[in-house]
Structure formats: C-alpha cells, structure tokens
Asks: 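Okay, handing you the structure first.
Letters A, B, ... mirror the listed sequences (proteins, then strands); counts begin at 1.
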Amino acid sequence: MSVKPVAYQPHWSDRFYLFAVLKGMVITLKHFFKKKYTVQYPEVKWPVPKGHRGAIRLNKDEQGRMLCVACEMCSTACPAKCITMKAAVSPWPDREKYPLTFEINMLRCILCGMCQEACPEKAIELTEIYDFSAYTRQDLIWDRERLLKNYDLTCDGRYFERSREETGL
Amino acid sequence: MFGMDWIDLGILLTKVMLVIAVNFLILMIMELAERRVSAFMQDRVGPNRVGPFGLLQPVADGIKFLFKEEITPSQVERTLYWLAPALVLVPALLTFSVIPFGMSFSAFGREITLQIADLQVGLLFIFALVSLAVYGTVLGGWAANSKYPLLGGLRASSQMISYELSIGMSIIGVLMLVGSLRLSEVVAYQTGSLFTILPRWNIFTQPLGFLIFLIASFAETNRLPFDLPETEPELVGGYHTEYSSMKFAMFFMGEYIALITTSALLTTLFLGGWDVPWVDEAALGSWGVLLSLAAFAVKTGFFLFLFLWVRWTLPRFRFDQLMHLGWKVLLPLAIVNILATGLFLYLAP
C-alpha cells in the first residue's frame, strides 16, 4: 500500500483570505450575541449532580429533634477518624442516648460517605454544599449546631435554586 | 505670538486639553472593552465586578499598575530604557492634533474649528509621527539588552517598514481625488452624494485603497493578526518583556492611543470624517455641530470595535506570511490602485 502525497490546494476564495476572514468574523459576531455560560459564582452556585458528596449534615425529624442516637457507628466507620461525640441520656422517651457534643473535623474529613452508609438511623448525610472554606482551622471543626444548620440549608433540596433567587442573577 | 490673542490661545488650549482628556477616556473604555468584547465572543461575560458593569475596572487596573514594583534590570541602557515608553505614547497622542473631529462653528466672534491644527501637510505630518512611534518600540526592545525584546524590536522595525510603504501608497489614490493633504479638505471633499444614492465617501470611490489601508493599519498598530513584535508564545512579551509597572502601562497606553488615532484617521480618510450623509449640518446650527461630533464618534467607534473584533477572530500570521502579504500583495495592489485612479481621473472629466 503506498501513500500518494497530495499538495494542499486551497480554493481560490481561501487564497484570497478576505472571504475566509469575513466568515470567521461572522462566527465571532454570532457568539458575541449568544447566551453566556459564565456562572456568577459566589452569588450563583453551580448545581452539582445528584449524589454529590459534599459537606456533612445531621438530620432532624419532623419535630425538629436530631435523629442521632449517639451509637458511634459513624465514627467507627470513619477511615479518617474525624468524628468525635459525647453521648448523654436522651431527654426524649423514644431513645436511650443522644449526642451531647458531636464534632466533625472537616480538615480531616475525606468526604467518603462511609458515615452515611454506617448510620442505622439515617441521621448523618452528605449534602451538595461544596464551598465550605474558612479563614481559620478552628472554623472547620464543626460542632452539632453547625451540622444541624447544614440540614436547614439543604433539607428542601433547593439549595442551588435559592442562591439563584436571592441574587436574581 | 503668530498674531494670536488670549482668546485664541484659550480656545486652542481648551481644544488640546479636551482632545487629550477624551483620548484617555476612550483609552480606559478600550481597556475594558477589549476584555469584555473578547469575553463576549468566547461566550463569557468578562470583568463585571468593579463598579456597575465593571466600568471601574480600568481604574482598578491603573491603581494596580501604579503600585507595582518598578524594576530596572541591571543590564539595560538606562536613558533609552526610560525614554522608550514615552516615545510610544507621545507620537500617538500628537497624531490626533491634525484630525478634524467636528464641524467648525462660530463663537466669541470668531470661527472655531474642531481640529487642533489644520496643517497644510496634515497627512504627511501623521505619517511622520506614525513612523516615529516605531522608535519607541525598537528602542524599548534594544535598550532592554535582552534577547526576546531585541527580537521583538527587530520585528517591529521590519514590519513597520513593509507596511508603512503600503499604507503610504494606499492613500495616494485619495490624495489624487482630493488634491490636498489638508485633512479638513479631505473631509470637505467627502460631503455630498455619489450616484445620488451613496454618500460621497472615499470608501466607495477608493474601495481597494481602503482595504489596503485597513489591513496595513492592523500591522501599524501591532494588532492581531499582525502583532508579531509582542507574540507571547515565542517572544515572552516581545519588546516590553523587561518593563514593569507604569512603564509597561505606558507601552500599553501608547498602543491603544495609536489604535484610537488610527480609527479616527480611517474615519477621516475613508468614511467622510464628521460628515453625516444626506444631512446639511451647516443648516442645523449648533445641533449640526453636535451631530457632526456624534457622527465622528460613531464611525471611530465602529473601527475601534472592528479592531477588537478582528483580534478575537483571527490567529496570528507567521513572520514570512506577514512579509509576503506586505511586499508581494499589498504593495503591488496599492500601485495598481494608484494607476487605476490616475486612469479614471484622466478619462473622466
């Protein structure tokens, strides 16, 4: 099998350049008026696909009580050993224990979702929040209230829509 | 002083200040427009954070440039190194002094022309200054005493020589028609209509000359697709590689001001200057003056947008392609244009 080299023979209109240039300019002008794909980030957050493993939340029941029963299954399952809790006698009659303190060290957390899988009460879950940087290391050690707040932000499943509505962008 | 009194001097100084101020204002707008237009053409939105629509972005950039560290590398030729940025900026600004940007009107008991100096050799003056501007680029490249700037400066000089010729030849056709180098007369010639439907602009009588002038002015102003003196992939930054802070900003400003004056010149030479087609501005009084200013601004703005538009459409030429285009295509075409115009003038009454 032999390859026959063929010299590039541009069409005369291409050799004239100007038509090709005009064609290109029409394309750029079309894009000039097209819809822009930029997401105005801090105000509008790009919605991540379902199943994204982001910041952790502690779920609440219908009465606003946390679901956690302080069984320590999550902290046992955690490969990064970032979950610590202190159990206490539950104030509610439907369970024995509840976490008096519940801390997740987000500096160590690798967002693997093992805690979510281990939890028998579906009390701990990973959310779609992906921007949780902080100015100090201390700010990334999340306590119980911080984790419950994540539930309030994401429980209606409209976390990203809300960010869009609030800014009107 | 040349038979001037204080009022004349005042008017002249006002005009000078106005032209410089407006030039710098447009420069700031261009700096933002370059980024916004490029963004829009790439389906992005560009800088929109500083001020409404990002309008204060140029101010922020200016402040940033002011506070950048001023570095003078040890190997540079100090005098020329400091002089070069000014040599780019000053001729670019001076060029505007002979361009008429509006209809003349009377006030304070005298005729006020909206042009700083109506020189008899206006066009030659412009070309003298445009060729001076290349000294800034070349000296900037040479004084930096470093290989990439030197290559950039070399390219700038050879590019200028090649395209200066074509640009000079391309307007000879216009000069033959107008019969004067005075830019106010070039504008005056273009008022009226051609074949009753077209305005008598030189773009219609000299289409080939216009095309050559337009292409060559891209090379003259170092704009893409002919920005070889500052190609970032192969020459780092070209002639301004060793410059920092405000000196670098001055190169940039000089480049944009050259862009503005070139657009204004294109308007004056080929698009009828401040002339509004089919309208007799003189009959409208002061509204006519405003109309003429607006017409000039719109036409110049169109060319400024064209420069941005082309920049974000075309890739850069190779250096041999650039030389090929300059010497083997544009120059012969310009000569053909001169011959054709001469033939036309000889045959037509």
Asks: Evaluate whether atom CD of A:Glu145 has more than 12 neighbouring non-hydrogen atoms of other residues, nucleotides or ligands under 6.0 angstrom away.
Replies: yes

Asks: Ring-plane angle category for B:Phe305 and A:Phe32, please: parallel below 30°, perpendicular beyond 60°, tilted otherwise.
Replies: perpendicular

Asks: Taking atom NZ as the centre, does A:Lys36 end up with more than 12 heavy-atom neighbours from other residues, nucleotides or ligands that are less than 6.0 angstrom away?
Replies: yes

Asks: Let me confirm one number: the CD-OG1 distance from B:Gln42 to A:Thr28, rounded to the nearest 0.5 Å.
Replies: 10.0 Å

Asks: Can you tell which part of A:Ile27 gets under 4.5 Å to a heavy atom of chain B, answering side chain, backbone, both or neither?
Replies: neither

Asks: Restricting to non-hydrogen atoms, name the atom on B:Arg49 and the atom on A:Tyr41 that form the minimum distance, rounded to 0.1 Å.
Replies: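 Here B:Arg49 and A:Tyr41 meet closest at NH2-N, 4.4 Å.
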
Asks: Please indicate whether A:Lys23 has more than 12 foreign heavy atoms, meaning atoms of other residues, nucleotides or ligands, lying under 6.0 Å from its NZ.
Replies: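 Atom NZ in A:Lys23 is not crowded, with 12 or fewer foreign heavy atoms closer than 6.0 Å.
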
Asks: Looking only at non-hydrogen atoms, find the nearest pair between B:Val45 and A:Thr38 and report the distance.
Replies: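 Looking at all heavy atoms of both residues, the closest pair is N-OG1, 3.1 Å.
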
Asks: Tell me if the CZ atom of A:Phe19 is crowded by more than 12 foreign heavy atoms within 6.0 Å.
Replies: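 Incorrect, the count does not exceed 12.
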
Asks: For A:Lys30, is it the side chain, the backbone, both, or neither that has a heavy atom closer than 4.5 Å to a heavy atom of chain B?
Replies: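 Neither the backbone nor the side chain of A:Lys30 comes within 4.5 Å of chain B.
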
Asks: Could you check whether atom CD of B:Gln321 has more than 12 heavy atoms from other residues, nucleotides or ligands sitting under 6.0 Å from it?
Replies: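 Atom CD in B:Gln321 is crowded, with more than 12 foreign heavy atoms closer than 6.0 Å.
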
Asks: How far apart are the closest heavy atoms of A:His31 and B:Asp43, and which atoms are they?
Replies: ND1-OD2, 3.0 Å

Asks: Where does B:Val37 contact chain A at under 4.5 Å (heavy atoms): side chain, backbone, both or neither?
Replies: both

